[in-house]
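Data first, discussion second: the structure below is written as structure tokens.
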There are 2 protein chains.
Amino acid sequence: MSKNTIPDSETRATAEHAKDLRLWLRMLACTNLIENHVRARLRSDFDITLPRFDLMSQLERSPQGLKMGELSKRMMVTGGNVTGITDQLVREGLVVREDSPKDRRAYIVKLTAEGRKSFRRMAEAHEDWMVGLFSGMSETQRDELYDLLAALKTSAAKAAAKR
Amino acid sequence: MSKNTIPDSETRATAEHAKDLRLWLRMLACTNLIENHVRARLRSDFDITLPRFDLMSQLERSPQGLKMGELSKRMMVTGGNVTGITDQLVREGLVVREDSPKDRRAYIVKLTAEGRKSFRRMAEAHEDWMVGLFSGMSETQRDELYDLLAALKTSAAKAAAKR
DNA sequence: ATGGATATTTGCAGCCTTAAAATATCAAAA
DNA sequence: TTTTGATATTTTAAGGCTGCAAATATCCAT
């Protein structure tokens, strides 16, 4: 009997294995749910895509502007990618590329006045959506989740770095 | 003084607002980190994309097969999409479309023997990656995270449904 | 001045996505 | 039985994001 109540290390390892997978799948489902919702609303309400919103969001946090490479790093996408997204935003008059005074190879991307105004409006709505999406959780739960995600970020970053 | 230590409801609401946003951004960062890692490894190790892997994963969990519409619902993507992904997998001999005996409009998609074999191999590696990515968290932390995500899923699903 | 990094852009090819129109079939009402 | 409205799926078309590799331009240390 005790042989079955206390799983051997092999069984135990497999069970832990499956648990991590379920954990990930649940997390992915949550994120997709929220992300899809946000994408849809950004499109329907503001006619903008998530990557473009993200880029503007990075710039808003760095009023002095960011180099393309910095954007690439922060957004975790390749450089060629940032070029395309930036092009589009420039076309729409929401951001500008300025020559870097220090480095003639580099551009510094900044929000335009209109871009800043536009972003603020979207960010406000975005925050409201978030409040709504998380409103079913208690403040304690949200705080705990926030802390656990910090632990996860550390763990995953470390593991992803190897290899 | 006490005027500053106890924020009025306006300030408080704004602070809570910002917290939800930060929580989401952190969650998104975590998910992207893991997802990008998984995508990269699926591609480099098995030459497959995440959506295709996901579709096979759904089928593995439903050995009796699934209709296109069910796949669409479970994967949270549009129907036209499932068609494309399925086409590709059929071309590679990993899944088959069988006519539904009940409903002549519908197909039932199933893994082929090769598809099942192929998926099992990938799933094993996938699980190992997960174990690695979560290994920096204690079992307690992972359990807590799992439960909190359940709460989030409920909360977000409810909020997303409105509208 | 030379050679090796660095910052970006470009072009390519693949994939995913939505949206709307087209097919085919089902199921129930008239 | 015919009609009609819903359902299941595909097709088509247009738009965007993505990574990767090659091409440019510039920087910096030797």
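Residue numbers start from 1 in every chain, and the chains themselves are labelled A, B, ... in the order their sequence lines are given, proteins ahead of strands.
Taking atom CG of residue B:Asp47 and atom P of nucleotide C:dG14, one finds them 12 Å apart after rounding to whole Å. The nearest whole Å value for the distance from the OH atom in B:Tyr107 to the C1' atom in C:dC26 is 16 Å. Look at CG on A:Leu71: it is 16 Å from C1' on D:dC17, rounded to the nearest Å. Distance NZ (A:Lys67) to P (C:dT9): 12 Å, rounded to an integer number of Å. Regarding B:Asn32, its CG atom lies at a distance of 15 Å from the P atom of D:dC17, rounded to whole Å. Atoms CG (A:Leu55) and C1' (C:dT8) sit 15 Å apart, rounded to a whole Å. Distance, A:Arg91 CZ to D:dG15 C1': 12 Å, rounded to whole Å. Distance CZ (B:Arg52) to P (C:dC16): 6 Å, rounded to an integer number of Å.
B:Glu70 contributes a side-chain N or O that, together with a main-chain N or O of B:Lys67, makes up a donor-acceptor pair within less than 3.5 Å. Judged by distance alone, with hydrogens and angles left aside, the side-chain atoms of A:Ser155 form a donor-acceptor pair with the main-chain N or O of B:Leu133 at under 3.5 Å. The main-chain N or O of A:Ser138 is found under 3.5 Å from a side-chain atom of A:Gln141 such that the two form a donor-acceptor pair. The closest donor-acceptor contact from the side chain of A:Ser100 to the backbone of A:Ile108 lies at 3.5 Å or more, if one exists at all.
When heavy atoms are screened at a 4.0 angstrom cut-off, A:Gly79 is found touching base atoms of the nucleic acid. Within the nucleic acid shown, A:Arg39 has no heavy atom closer than 4.0 Å to any nucleic acid atom.
Residue B:Asp87 is the one, among A:Gln88 and B:Asp87, whose nearest nucleotide of DNA chain D lies closer to the 5' end (criterion: closest heavy atom).
Between B:Arg97 and D:dT9 there is no side-chain N or O to OP1 or OP2 distance below 4.0 Å.
Atom CZ of A:Arg91 has more than 12 neighbouring heavy atoms from other residues, nucleotides or ligands inside a 6.0 Å radius.
Relative to the six-membered ring of A:Phe134, A:Arg142 misses at least one condition, a distance below 6.0 Å or an angle of at most 45° to the axis. No cation-pi contact links A:Arg121 to A:Phe46, judged by a cut-off of 6.0 Å to the six-membered ring centre and 45° from its axis.
The side chain of B:Thr49 approaches C:dC15 more closely than any other nucleotide in the set D:dT9, C:dC15, C:dT10.
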Per-nucleotide protein contact along nucleotides 18-28 of chain D, 5' to 3', at a 4.0 Å heavy-atom cut-off (B base, S sugar-phosphate only, - neither), is BBS----BBS-
